[in-house]
Every structure is written in structure tokens, then in C-alpha cells.
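Below: one structure, written as C-alpha cells.
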Protein chains: 2
Amino acid sequence: MDATGGIDGVLDVRDLRYFRAVAEERNITRAAERLGIAQPPLSRAIRQLERRLGVSLLDRSTRQVTPTAAGLVLLEEAVRVLDAVSAAAHRTRRAALAAPVVVVTAKPGVATDLLRRTARAYAAEPGAARVEILVSGYGEQGGLVRDGRADVALLGTGEDDHGLDLEPLTSEPRVAALPAGHPLADRSVLSCRDLAGLPFPHCPVLPPHADDYWSGRDVRDEAVAAPRPVVRDSSQLLEAVALGQAVALIPASLAERNRRDDIAYRPVRDAGPYTLAIAWTSGSRSPAIARFVRTAIEVASHERTSRAAGPPSHAAEPSSRVAGPVASDQG
Amino acid sequence: MDATGGIDGVLDVRDLRYFRAVAEERNITRAAERLGIAQPPLSRAIRQLERRLGVSLLDRSTRQVTPTAAGLVLLEEAVRVLDAVSAAAHRTRRAALAAPVVVVTAKPGVATDLLRRTARAYAAEPGAARVEILVSGYGEQGGLVRDGRADVALLGTGEDDHGLDLEPLTSEPRVAALPAGHPLADRSVLSCRDLAGLPFPHCPVLPPHADDYWSGRDVRDEAVAAPRPVVRDSSQLLEAVALGQAVALIPASLAERNRRDDIAYRPVRDAGPYTLAIAWTSGSRSPAIARFVRTAIEVASHERTSRAAGPPSHAAEPSSRVAGPVASDQG
DNA sequence: TCGCGTCCATACCGTCAGGGTATGGCGTGA
DNA sequence: TCACGCCATACCCTGACGGTATGGACGCGA
């Protein structure tokens, strides 16, 4: 039970920070300067880590180090741990504040209206915590909740929602945004096949495989040779489209609010809808968060029923997921 | 940016292990011997942790230490982190094995049949990983997946499933198990109200509030003065009932397989069903796990359709949850 | 009320892990 | 073939962490 190593002390936050840097940079020297330490201690730390785990984590060819299969697993787990550690510090500090605070976030443009209305409705409830709204860029929401900087986020389902509990709020069709002169703009309706291979924008904070969010499908298999512009919010996205650098699948409401001559919006027959959901830390036991989530669901449901003129396909089905915020809410 | 403290190095696995022990034991001396260190270093470590976080974590009355509100938050987060760290080590080591392995677990009695059939169907698929079946006691399944000792678990929904992705497989009614001579055994059908205040068994590995699993409702509010027998598996549970120490809500199939004179089973009108689900690490990207989950869903669905004589309420609705195992399965 | 026991905090000390600097080895590309 | 880039090894030093000894506060029982 010692040669193979117990599980208790083999991994440390420091080890995981170090290994993450190396596995991501694929270069020990660069990783060392990213970490602010010298290269030799980092080399040694990684080797010690491999010895303690009894597992080879890196293939060390002379020009670069590449993670082994086990190394890739550890990288994924390391991100999870580091998020959890950061969350622990953030949430503990927030819990120590004199007045309770709920930090909510959403990307600007798509979801901030709903978020503001929810925050207002929540603030009107008796015993509500102070609400702090954090504006964030594309694809940042999931990370903000996971590492504890935010308690609750509004994000599109499938965006970056693993490890979070979520409840759908609203759903709307997605349309293709094309540069005005684009050949496809001549057609009145498109399908996902038409869009294959076109340059979809790239969101810098998401892992590469998450890019299927913008394309409505999985782009991992395809050799995406086309240069992919980097965007951080909807105005950058639309600008990239207008300049002919990209096409994108965007929520219909975003298109409606941004009618312009240099962009053509076209329905896409088989594109999945854009579903906006509220997300929070999986298994959170905070009454304030549970209360806020419930308020958001109510606000969204009221808005659906009040503007009942809209097509019924715009309504999100309530999730059948069993786990909700489990806090009993008598505070 | 230094007085308030950054987030980077304030928390360490060691700190969280230490704090967890203290917060759970509510006694530094006992926590120290549980950790296998002397008391003074532990005292110092906790104080340093408080200083680094800038947060008071413990109320130190003279006879015992009790966690503050922030301390309770940190305790919850610490458990999460420690599970994730343990999972990182376990999964990395498992990923380094020559032949890929999927470790699956279920409690004995209720779910092992389905698990075995799923394992057999999975093993027949091309390129399947080796399946290792881990038997576990009541309420252990969630923890086993969270800390990485298992990859996949079959468990009842609501049991201990936070932080896991899950997909319902089968659903069946729950019945009350009563000692043969119990007054309620005279009635042919019961309701949850009848059972309020009765001694439901206690599962040692679950946190106290999770006991509502056995009672079908939330027992946190009630002053449960009745002594609660501790059970670890279904035979212990039934024994406790037969001895008159407990009553329990159990899946109907378990009752059918354990007909005996000293226990009376009675339907409970408003008790929620027992839903068996397959659970895996939220956001897991392993093709083998995704494949196993899919096989389990197919096996369960085949069994539902094949014995179509059963009442339709026994069929679990497929979850509308968007996130499934995200791996593209071409391996 | 006194004394004892329990429990947490402080003081002091030794060890070793972790970080820094210097340097070597190796492969690649010009 | 030379120079550069990159990783590994050798060596030193600082400081963090754990142990022992001890003090102080509070509660309880005689």
C-alpha cells in the first residue's frame, strides 16, 4: 500500500497547476515562465509527480513534450480540481460578507435583458440577497460559475455547461448570418449542409471542440482549414460577418436587433434552436441561489405566456431533470 | 491585490483536508489524531488558513470549535475539491493501464441484475473496454463516482447524485415496509402523512439531510427523535424492519423478491416512484463511458418493451436534459 | 471554592521539500 | 558543423511544516 502509492497525498494543487501549464504549453520552459518559476524546478516537479502517480504523463521528444493518454486525462481532471479550488476560495469569502450576495452573469446582448428583469423581480422578494451583475464575454459564463466568481449564469445550452445544473428558460430559432454579398444570401432558406466548411468564428476562451456551438454541429472531425476570426462578443461577431471573415448561426432575436445592410440573415431549416438556460453549481445548497433560479424560471415563463402571440416552438420545455436546487427555501 | 489576497495560492489540498477534519469533528484535538498529526500544527494550519482567506472559519468557544457560516461553505467546497483530487489520481492511473477499463458499480439487490446484463451487452460490442464490477453499499455509489473509484454507477435518483450526469433507466412504485404487527399494517393503502415521524433507517455514508431518500420527503425540518437504525444494504434494512426498529419505503421489486411473514408491504398512495438511473462524471469525455451509458439505456429500454405487460407508469421518461456524454464515439 | 481535566494557543526547534543558479547533453535547423 | 532551443542533473539555500513542551482558559465535580 505504499509502493503503488496511496491516493491521499499524491496530488497537490501545486502539482496540478504545474502539470496543467506544461500540458497546455507543451513546453516546459514556456510553462515555467508562465508559472513564474525557473525551468529546472518545474522539470523536477513533473518527474516527481509521475513517480508518485506511477504513471508516465509526458512523451518527451527532444523538441517538445506531449501529454500521454493518461496525461490528457490528468489535464482534464486538473482543470476540474483547479476550478473547484478557486470556487472554494471565492465562495468562502463571499459567504463571509456581512450581507449575502448573489453574483449573476450573462453575456451582453442576448441574455442581459432577461437577467435584469429577473434580478428586479428577485430583489422585490422578501429576504432577497443583494444581486451583483457581472458582465462577461462569449463562453465565459460556464467558467465563471465553475470557478466561483459567479453563482448563477445565463448561457446557451451546450455552450460550456458541463458540471453545472441547468434549467432551460427560453428557446428561439437560430438563423445564419452571412456577409451581404455571399452566394448563399441569394437563397431564402438554408440547411446545415450548406454551411459546412465555412469559417465560423472562434471563441478564444472555449476549448476548441466547443466551437460546434456556433456551427450547430460537431466540427472536431473536419479539417477546418479556413482561418477563423476570434470574437468575444456579439458586436465583434457581427463585425466579422460584415467584413466577410465569417458566417455564424445566431439567435433570431439577436438578428432582429441588429438589422444592417452588410449582413444577410437567412433561416436554416435543420439548425437546432438556441436555448437560453440558467445554470448554477451542481448540487448547490444555497437558498439564495435556489430562490434566484426559481425567480428566473417564473419570469421567463411569464414572458412566454404574456406574449402568447409568438409561435409555440419558442417555448422551452421544462426539463425533466430530477435535481433542482435542493435547498429548502425558508429563509 | 495582496492584502486582500489573490485566489491563486490561498488554498491547498492539505489545508482542505485539515479543515474538513476539524469542521467535521468540531474538535481540533480529535481532528489531529484522525489526521495522524499533532494538535499544535493543526491549530496553526487552520489559523494560517483563516489569515490567508481573510475569513473567520471557526467560532472557538472554550469547549469546542464550531464552523461559522463561511466555514460551512468551505466545508462543502472542501469535500468537492477532495473528491475531485482523488478522482484525478484514480482516473489518471486507470487511464495508464494497458487495456482500458470501465469500473461500474451498483448496490447489491436492486440494480445488480440490470448492471450485469448491461455489462454483458457492452462486452459484446466491438472495441469494448474491460468492465470491472464493484459492489457497493447503500448510498456509496455517488461518492464512488465522484472520487473516481468508479466510472459509472447505477443509483436511485435523488440518492446522492449531485455533481453527476444521469439518465433514468427504469422506474417503479415504492411500497412501505412495516413490521408485521404494526398498526398501519391493518390498512390496505397508506399515504406519506401516515409515515411521518416513524423511524426511517439511517444510511451511515450519506450526509444527514440525504435521509429524505428513504422517507420520500424532506426530514431536515422535523425533530426526528426516534432512534434510527443504521443499515448498509437491503438485507440489513429488511432485518431492521422485521425487528420493529424501522419502517422504510422500498422499491416494489425489492418487496416482491423478499416476501416474508414478519414484514408487511403496503402501497403508499402519494410516494414518488423509485427511479433507477445511470450516473457518470458530469462532462466526462471518455468514449468508453459514453458507450457503456448508451448500452445501459438500450438494455433498459429493451427490457421495458419486451415485458410490455407491465403498467406503462413503470417506464421512465427519457430525460430532456441536453448534456449527455459528449464524446464522439468513433474509437 | 479549589483542583483537576480538557482543549486550544504559543514558543521553539529540526528536517526536508521546493525553488534558484549553473551547467551538461541532445537533437534540430541553418 | 555550429548555434540555438530545450530538457535534465547537480548543488545550495531558504522557509514551511511537523514535533515537543508548555501556558492559559474554561467547565465540572468534590
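Throughout, a chain's letter reflects where its sequence line sits, starting with A, and its residues are numbered from 1.
Under the side chain to side chain contact (heavy atoms under 4.5 Å, CB included) criterion, B:A45 pairs with B:R14, B:Y18, not counting sequence neighbours.
Distance A:D12 CG to D:dA16 P: 15 Å, rounded to the nearest Å. In this structure, A:R14 places its CZ atom 17 Å from P of D:dG15, rounding to the nearest Å. Distance CZ (A:R60) to C1' (D:dG5): 17 Å, rounded to an integer number of Å. If you take CG of A:D59 and P of D:dC6, they are 18 Å apart, rounded to a whole angstrom. We find that CG of B:L35 is positioned 15 Å from P of D:dC17, with the value rounded to whole Å. Here the P atom of nucleotide C:dG19 and the CD atom of A:Q48 are 9 Å apart, to the nearest Å. When rounded to the nearest whole Å, the span between CZ of B:R47 and P of C:dC8 equals 11 Å.
For the pair A:I46/A:V65, no side-chain contact is recorded, criterion being any heavy-atom separation below 4.5 Å from C-beta on.
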Pair A:R146-A:H162, side chain to side chain contact (heavy atoms under 4.5 Å, CB included): steps then yes or no: CA-CA 9 Å; A:R146 268 192 296 276; A:H162 68 87; 4.0 Å; yes

Criterion salt bridge (charged side-chain N to carboxylate O under 4.0 Å, His left out) on B:E50 and B:R60, from CA distance to verdict: CA-CA 13 Å; B:E50 288 181 299; B:R60 294 163 172 81; 2.8 Å; yes

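Counting only N and O atoms by type, the side chains of B:R91 and B:T281 include a donor and acceptor under 3.5 Å apart.
A distance of 11.0 Å separates CD1 in A:I28 from CG in A:L35, rounded to the nearest 0.5 Å.
Formation of a donor-acceptor pair under 3.5 Å by the B:R52 side chain with backbone atoms of B:L11 is not found in this model. Here the side chain of B:R149 pairs no donor or acceptor atom with the backbone of B:S86 at under 3.5 angstrom.
Of the residues in residues 37-46 of chain B, B:I37, B:A38, B:P40, B:P41, B:R44 come within less than 4.0 Å of DNA chain D through at least one heavy atom, sorted by number. Within residues 17-28 of chain B, the residues approaching DNA chain C are B:N27, B:I28, by heavy-atom distance under 4.0 Å.
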